[in-house]
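Per chain, numbering begins at 1; letters A, B, ... match sequence-line order. What you see is a predicted model; the values in this text were computed from it and never measured. Below, each value reflects all heavy atoms present in this structure, side chains not excepted, and no hydrogens, waters or symmetry copies.
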Amino acid sequence: MSEMEKKPRHFIEQVIDEDLESGKYDGRVHTRFPPEPNGYLHIGHAKSICLNFGLAVQYNSYCNLRFDDTNPVREEEEYVKSIIEDVRWLGFDWEDRLYYASDYFQQLYDFACQLVESGDAYVDDQSAEEIRKTRGSLTEPGKESPYRNRSVEENLDLFKRMQSGEFPDGSRVLRAKIDMEANNMNMRDPVMYRILRATHHRTGDDWCIYPTYDWAHGLEDSIERITHSLCTLEFEDHRPLYDWYLEALDVYRPQQIEFAPLNLSYTLLSKRMLRELVEGGYVNGWDDPRMPTISGLRRRGFTPASIRDFASRVGIAKREGVADVGLLEYCLRQDLNIHAERRMAVLDPLKVVIKNYPEGESEELEAINNPENESAGKRKVPFSRELYIEREDFREDPPKKYFRLAPGREVRLRYAYFLKCEEVVKDSSGEIIELHCIYDPETKGGSAPDGRKVRGTIHWVSAQHAVSPEIRLYDRLFRSSKPGSGGGDFKADINTNSLETLKDCKLEPSLIDARAGEHFQFERVGYFFVDPLDSREGSPIFNRTVTLRDKWTKIEKSGK
RNA sequence: UGGGGAGUCGUCUAAUGGUAGGACAGCGGAUUCUGGUUCCGUAAGUGAGGGUUCAACUCCUUCCUCCCCAGCCA
């Protein structure tokens with residue numbers, strides 16, 4: 001550590017630093033990540049997870065995992081499981097602090113009675129429709145409910161009977177008595193409880209009234225002695241209400257702080273739209289490798305470290321914007337470059353016959369597993385008279401600056417020999433089906449004793465030794481950098497070529513033993529991940545995680 | 001037209017009255033048995049006007065643009 005290069009502190013860290021200094025929370029820092037178990041977590045949630053749990057690590061403090069399960073009609077155990085798995089996979093630990101809002105239902109009910117007793121809440125007999133109509137609008141104040149001024153005794157009686165199941169669903173609600181003329185719509189006597197006969201995934205049929213988010217959330221935070229309650233910008237308007245409830249009850253008060261949610265180019269991060277993709281069959285489930293869900297990214301081959309790095313690099317601020325998906329890919333390649341072992345794989349094979357290599361013979365050549373990590377060691381790769389090379393690594397009429405194989409030209413076969421193309425063999429339709437080449441036995445290992453150089457190095461696989469497992473080429477799910485922004489249906493922006501399945505690739509033989517969950521770099525091609533669901537022992541399936549950066553395509557496109 | 005927020009290189013993000021900096025993307029180059037990695041260099045920004053000040057991204061003021069809010073969703 002030569003330089004004390006401090007990473008600039010974002011505004012939430014600055015607030016925490018100040019609170020620590022002033023002793024506001026007795027030097028404590030305690031955050032929480034409060035997902036609703038009604039869907040799968042996505043990369044946007046990952047930002048929040050990394051923020052909340054990251055702060056706990058940074059300040060040597062605590063972060064709770066809390067399920068905000070106040071609405072039984074949307075929530076399921078399946079989602080709880082996936083969320084727990086995802087947060088853990090991202091590398092975070094809540095120790096014994098796994099909580100559920102539903103654990104607090106009784107306390108919440110008792111607190112509500114307290115508000116009724118202090119005259120701060122009342123039972124409203126109006127229908128949902130009537131309440132909506134009397135709420136007013138953005139520019140007009142609301143009207144007070146005719147039931148607003150019932151006695152405390154009547155309210156208490158009614159509320160208890162709501163709880164005991166005397167009234168039908170939707171017939172009554174408990175409302176906070178605040179101000180129907182407030183400019184902030186959230187303060188116009190917000191609903192605290194609704195009557196809802198639905199089986200809750202944890203409390204079963206114990207309750208027929210359920211608390212609303214605004215009523216419950218601050219108390220959940222308060223009960224858990226959270227210091228800094230972090231949420232996204234759309235809750236800014238809710239903060240006065242968050243504070244109002246806690247003040248009215250005179251209980252411990254955490255501080256809500258809002259930050260901008262993550263938006264990603266070429267990506268959709270709305271639960272509703274993601275659900276539409278799944279249910280409409282546009283993808284194969286929530287964990288489809290094209291999905292921005294944590295489970296999708298995991299199956300695609302993303303690593304927890306790359307996602308944490310990304311979260312740290314996009315930063316935390318109040319300004320809303322769209323992060324570049326290229327940054328996510330950069331973080332991924334950074335991590336994979338260091339950790340993924342290299343292999344050779346030919347995706348679009350073109351046969352090469354080495355005329356001067358003895359028929360029926362083969363040899364083993366040594367290849368480096370990872371140039372970024374010597375301890376990854378070396379492996380043997382078989383070489384023989386007939387090989388496959390990538391079709392795009394040969395041009396009959398090479399453009400300027402193309403330095404791969406061409407008629408009469410010499411290139412290096414990676415870790416093998418120099419190879420020169422002598423003859424191009426075509427079928428009757430003119431398509432190239434084979435290349436006849438000669439190799440230089442003196443260049444074994446890849447360098448020439450006479451000092452001559454070649455411009456290009458290409459990868460290859462011995463034909464008789466090659467294996468051909470299935471390879472799935474994934475691409476962006478959307479063609480537009482901002483799907484659906486044209487005002488039309490976002491589904492119109494779907495990239496119909498986001499999955500291409502390849503069955504005739506030629507891979508080096510060691511790859512047949514690849515195990516589910518392993519990462520590889522196919523040299524000069526990209527990073528691949530052995531699909532953890534569809535792979536079988538002896539028949540792996542490779543998902544393309546991300547391509548390698550590709551300067552050549554850029555050069556060729558620019559025409560220079 | 002009510003209320004709440006936000007405007008800094010293409011993108012994300014610092015600078016909190018004192019040299020507008022970093023990252024990704026871009027461009028140029030070096031190294032390289034991966035057109036990968038790495039390294040070096042380079043261009044590019046304070047929404048607009050007015051004011052205060054020796055000095056303004058920062059303070060004041062007028063305006064403009066964008067986002068959020070009328071669930072018994074979270």
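- Using a 4.0 Å heavy-atom distance criterion, A:V173 is classed as a base contact.
- Regarding the sugar-base torsion, B:G21 falls in the anti class, its angle being beyond 90° of 0.
- Which of B:G5, B:A14, B:U37 sits closest to the side chain of A:E320 comes down to B:G5.
- On the C1' atoms, B:A23 is 14 Å away from B:A44, given to the nearest whole Å.
- Across B:U37, B:C72, B:C24, the shortest atom-to-atom separation from the side chain of A:Y330 is found for B:C24.
- Checking B:G5, B:A70, B:U37 against every side-chain atom of A:E236, the shortest atom distance belongs to B:G5.
- Residue A:K554 has no polar side-chain atom (N or O) positioned under 4.0 Å from OP1 or OP2 of B:G35.
- If you take CG of A:D214 and C1' of B:A74, they are 9 Å apart, rounded to a whole angstrom.
- When heavy atoms are screened at a 4.0 angstrom cut-off, A:R313 is found touching the sugar-phosphate backbone but no base atom.
- Judged by distance alone, with hydrogens and angles left aside, A:E372 brings a side-chain donor or acceptor within reach of the base of B:G36, the pair sitting under 3.5 Å.
- Residues passing the salt bridge (Lys or Arg N to Asp or Glu O under 4.0 Å) test with A:K177: none are found, sequence neighbours excluded.
- Atom C1' of nucleotide B:C9 and atom CG of A:L327 are separated by 16 Å, given to the nearest angstrom.
- Side-chain nitrogen and oxygen atoms of A:R194 include none within less than 4.0 Å of the OP1 or OP2 phosphate oxygen of B:G71.
- Rounded to the nearest Å, the gap between the P atom of B:G47 and that of B:C9 is 7 Å.
- Separating the CZ atom of A:F522 from the C1' atom of B:G35 is a distance of 20 Å, rounded to the nearest angstrom.
- Using P as the reference atom, B:U61 and B:C66 are 23 Å apart when rounded to the nearest Å.
- Side chain A:R524 to base B:G35: no donor-acceptor pair is found below 3.5 Å.
- The nearest whole Å value for the distance from the CD1 atom in A:I316 to the P atom in B:A23 is 20 Å.
- Residue-level contact check: A:P34 touches neither bases nor backbone, having no heavy atom under 4.0 Å from any strand.
- With centroids closer than 5.5 Å and planes inclined by less than 30 degrees as the test, A:W552 and the base of B:G35 pass as a stacked pair.
- A:Q126 comes within 4.0 angstrom of a base, heavy atoms only.
- Counting non-hydrogen atoms under 4.0 angstrom, A:V322 reaches the backbone sugars and phosphates but no base.
- Among B:G36, B:U16, B:G35, the nucleotide with an atom closest to any side-chain atom of A:R404 is B:G35.
- Using C1' as the reference atom, B:A6 and B:C12 are 15 Å apart when rounded to the nearest Å.
- Using a 4.0 Å heavy-atom distance criterion, A:H459 is classed as making no nucleic acid contact.
- Considering only side-chain N and O atoms, A:Q14 lies under 4.0 angstrom from the phosphate OP1 or OP2 of B:A15.
- Not one side-chain nitrogen or oxygen of A:Y213 sits closer than 4.0 Å to the OP1 or OP2 atom of B:C73.
- Aromatic ring orientation, A:F67 versus A:Y100: parallel (interplanar angle below 30°, classes split at 30° and 60°).
- When distances run from any side-chain atom of A:N71 to the nucleotides B:C73, B:A6, B:C24, the shortest one goes to B:C73.
- The aromatic rings of A:Y417 and A:F383 sit tilted relative to each other, their planes meeting at an angle between 30° and 60°.
- Donor-acceptor pairing under 3.5 Å is lacking for the side chains of A:S127 and A:E129.
- Side chains of A:Q126 and A:S145: a donor on one and an acceptor on the other come within 3.5 Å.
- Closest to the side chain of A:K318, from the set B:G5, B:U38, B:A74, is B:G5.
- Considering A:R404, A:K453, A:R452 in turn, A:R452 is the only one that fulfils the salt bridge (charged side-chain N to carboxylate O under 4.0 Å, His left out) rule with A:E410.
- Residue side chain A:D237 reaches the base of B:G3 through a donor-acceptor N/O pair under 3.5 Å, judged by distance alone.
- Within 4.0 Å (heavy atoms only), A:R333 reaches no atom of the nucleic acid at all.
- Between the side chain of A:D68 and the backbone N or O of A:A101 there is no donor-acceptor pair closer than 3.5 Å.
- By the 4.5 Å heavy-atom criterion applied to side chains, A:L347 and A:L473 are counted as neighbours.
- When heavy atoms are screened at a 4.0 angstrom cut-off, A:R414 is found touching base atoms of the nucleic acid.
- A:R239 comes within 4.0 angstrom of nothing in the nucleic acid, heavy atoms only.
- Between B:A48 and B:G41, the distance separating the two C1' atoms is 35 Å to the nearest Å.
- For B:G71, the OP1/OP2 oxygens have a side-chain nitrogen or oxygen of A:R135 closer than 4.0 Å.
- Nucleic acid contact for A:T70: sugar-phosphate only, since backbone atoms but no base atoms lie under 4.0 Å from a heavy atom of the residue.
- What separates CD1 of A:I555 from C1' of B:G36 is a distance of 13 Å, to the nearest Å.
- Using a 4.0 Å heavy-atom cutoff across all strands shown, A:A128 reaches at least one base atom of the nucleic acid.
- Helical stems in RNA chain B, defined as runs of 3 or more consecutive Watson-Crick or G-U wobble pairs with donor-acceptor distances under 3.5 Å: B:2-7 with B:64-69, B:10-13 with B:21-24, B:26-30 with B:38-42, B:47-51 with B:59-63.
- Contact annotation for A:F403: base contact, defined as any heavy-atom pair under 4.0 Å involving a base atom.
- For B:U34, its base sits under 3.5 Å from the side chain of A:Q521 at one donor and acceptor pair at least.
- A gap of 41 Å separates the C1' atoms of B:G29 and B:G17, to the nearest Å.
- Rounded to a whole Å, the CG atom of A:N186 is 13 Å from the C1' atom of B:C73.
- Considering only the side chain of A:L233, B:G5 comes nearest among B:G36, B:A25, B:G5.
- Using a 4.0 Å heavy-atom distance criterion, A:E36 is classed as a sugar-phosphate-only contact.
- A:G170 comes within 4.0 angstrom of a base, heavy atoms only.
- Taking every side-chain heavy atom of A:R549 into account, B:G36 is the closest of B:U13, B:G36, B:G3.
- The distance between atom CG of A:D189 and atom C1' of B:G71, rounded to the nearest whole Å, is 16 Å.
- Projected onto RNA chain B by closest heavy-atom contact, A:V525 and A:L138 fall at different nucleotides, the more 5' of which corresponds to A:L138.
- When side chains are defined from C-beta on, A:L269 counts as touching A:P292, because their heavy atoms get closer than 4.5 Å.
- One finds no salt bridge joining A:D335 and A:R308 here, because no Lys/Arg side-chain nitrogen approaches an Asp/Glu carboxylate oxygen to under 4.0 Å.
- Atom-to-atom, NE2 of A:H10 to P of B:U16 comes out at 17 Å; the value is rounded to the nearest Å.
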